[in-house]
There are 2 protein chains.
Amino acid sequence: MKIPQKFFARRHEIAADYLKELDKHLDDILSGRATEMFEVRDFAELIHVHPTHLSNTIKAATGHSPCYFFEERLMEIARTMLQNVNMPIAEIARILTYDPSNFTKFFKHFGGQTPKQYREAYFESLVANKEIVNT
Amino acid sequence: MKIPQKFFARRHEIAADYLKELDKHLDDILSGRATEMFEVRDFAELIHVHPTHLSNTIKAATGHSPCYFFEERLMEIARTMLQNVNMPIAEIARILTYDPSNFTKFFKHFGGQTPKQYREAYFESLVANKEIVNT
DNA sequence: TAAGTAAAAATGGTGACTGTTTAAGTTTTA
DNA sequence: TAAAACTTAAACAGTCACCATTTTTACTTA
């Protein structure tokens, strides 16, 4: 059974475009060029499709909703920032366009730990490794 | 066992100040001198303490949160107003800086009845008393 | 050193808003 | 013309903004 190569090509094009725009936007957020987080409708507009269609198409192409990729990248960024102990958690929240309360909820929901718990666990693991090295 | 009278004097001072400012503010609301309801941070500013500290201190001094006294007084005022049948419920809500929907939610949550139910029950009880007197 | 204070973070609640899903339809294209 | 691409509406589920409270940590002062 031969599967035509061009079938469903468009949906993968849309998914690729979305991921590209998503990364670009997150770069803008981190560099301060953008201070407001895009919503699905903003990405849909960039790609010239209806928001509902964007959502459905990306789910069909990748098995995940647009939001999933968004959250995945945000967690990655948040973890990296938390490894810098000098950066207050409220400031990290602000950069990621969250208020402190909702940032904690978001991080705990997807990471299983509160931001502070993650930071502490990270530094404890550093110390533990250092002790092993020094011994 | 002697308990020194001055111990924890400050927390009771703060609680008293809060209750005083609360009543003053509610007077302003009722007279129309104020149309926006104060929040905890507004009272904290008046008393020159941190909002968190105000909340903690009042809980320690009285066993109740600032919100509790606020709600208690609002319910009292609302009940009094509802006893005046000429005053539309939406107008009562407006004076108390609620929109009608949220006023009903608030009143039912703390009073167990909707404002309209309370008003009707109140007038039925008046009529019942009158009948007893006339008999 | 107990009491007072400040501040950061976590937690809880709520109304408004946003995202996803589903279902039904229209347009495009191979 | 049938599959694929797309739109729209409506239901619902989830998130965000905002506020209050609680917990924890830390600093100051009588």
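Computed from a predicted structure; not experimentally measured. Just so you know, these numbers use all the heavy atoms, side chains as well, and skip hydrogens, waters and symmetry mates.
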Touch class at under 4.0 angstrom, heavy-atom based, for A/F106 against every strand present: nothing
Closest to side chain of B/H53, choosing from C/dG15, C/dA6, C/dT18: C/dA6
Got a donor-acceptor pair under 3.5 Å from the side chain of A/K105 to the base of C/dG13? yes
Which is true for B/T52 with a 4.0 Å heavy-atom rule: it touches a base, it touches only sugar-phosphate, or it touches nothing? base
Sidechain N-carboxylate O distance under 4.0 Å for A/R73, A/E76: no
Could you give the CD-to-C1' distance, from A/E13 to D/dC6, as a whole number of Å? 14 Å
D/dT21 C1' sits how many Å from B/F70 CZ, rounded? 16 Å
Can you tell me if A/R41 touches the phosphate of C/dG19, counting only side-chain N or O atoms and a distance under 4.0 Å to OP1 or OP2? no
Taking CD from A/E39 and P from D/dC16, how many angstroms apart are they, rounded to a whole number? 10 Å
Side chain of A/P88: nearest nucleotide among C/dG19, C/dA7, C/dA9? C/dA9
Phosphate OP1/OP2 of D/dT21: any B/S65 side-chain N/O under 4.0 Å: yes
Looking across every strand, which nucleic acid part, if any, lies under 4.0 Å from B/P51 by heavy atom: base, sugar-phosphate, or nothing? nothing
Would the distance check show the side chain of A/S31 and the main-chain N or O of A/D28 forming a donor-acceptor pair, the cut-off being under 3.5 Å? yes
Starting from C1' on D/dT21, measure out to NE2 on B/H64 and report it in whole angstrom. 15 Å
Run the side chain to side chain contact (heavy atoms under 4.5 Å, CB included) test on A/Q83 and A/F123 for me, step by step, so that the C-alpha distance in whole Å, both residues' side-chain angles and the decisive distance to 0.1 Å come before the verdict. CA-CA 8 Å; A/Q83 289 166 14; A/F123 281 100; 5.5 Å; no
A/R10 atom CZ is separated from D/dA3 atom C1', nearest whole Å, by 16 Å
Scan B/N102 against the nucleic acid and name what it touches under 4.0 Å (heavy atoms): base, sugar-phosphate only, or nothing. sugar-phosphate
Answer with base, sugar-phosphate or nothing: what part of the nucleic acid does A/I14 contact at a heavy-atom distance below 4.0 Å? sugar-phosphate
Got a second to check how far B/M37's CE is from B/F70's CZ, nearest 0.5 Å? 4.5 Å
Less than 4.0 angstrom between a side-chain N/O of A/K59 and OP1 or OP2 of C/dT21, yes or no? yes
Of all the choices, D/dT23, C/dA9, D/dT15, which nucleotide is nearest to the side chain of A/F110 once you look at every atom? D/dT15
Between A/D99 (CG) and D/dA17 (P), how many Å, whole number? 6 Å
Rounded distance (Å) that lies between atom P of D/dT15 and atom CZ of A/F103: 15 Å
Among C/dA10, C/dA9, D/dT22, the nucleotide that comes nearest once only the side chain of A/T104 is considered: C/dA10
Can you identify which nucleotide, out of C/dA10, C/dG19, D/dT21, has its nearest atom closest to the B/S55 side chain? D/dT21
Please assess A/R79 against A/F107 for the test side chain to side chain contact (heavy atoms under 4.5 Å, CB included), listing each intermediate value before the final yes or no. CA-CA 9 Å; A/R79 284 199 192 92; A/F107 193 90; 4.1 Å; yes
Chi angles and distances behind the side chain to side chain contact (heavy atoms under 4.5 Å, CB included) call for B/F103, B/R94: CA-CA 9 Å; B/F103 175 63; B/R94 198 195 54 76; over 6 Å; no
So what does A/S101 touch, heavy atoms closer than 4.0 Å: a base, only the sugar-phosphate, or nothing? base
Please determine if a side-chain N or O atom of A/K116 lies less than 4.0 Å away from the OP1 or OP2 oxygen of D/dT25. no
Measure the distance from NZ on A/K108 to C1' on C/dG12 and round it to the nearest whole Å. 12 Å
Ignoring the backbone of A/P66, work out which of C/dA6, C/dT20, D/dA17 is nearest its side chain. C/dT20
Between A/T114 and C/dA10, does any side-chain N or O lie under 4.0 Å from OP1 or OP2? yes
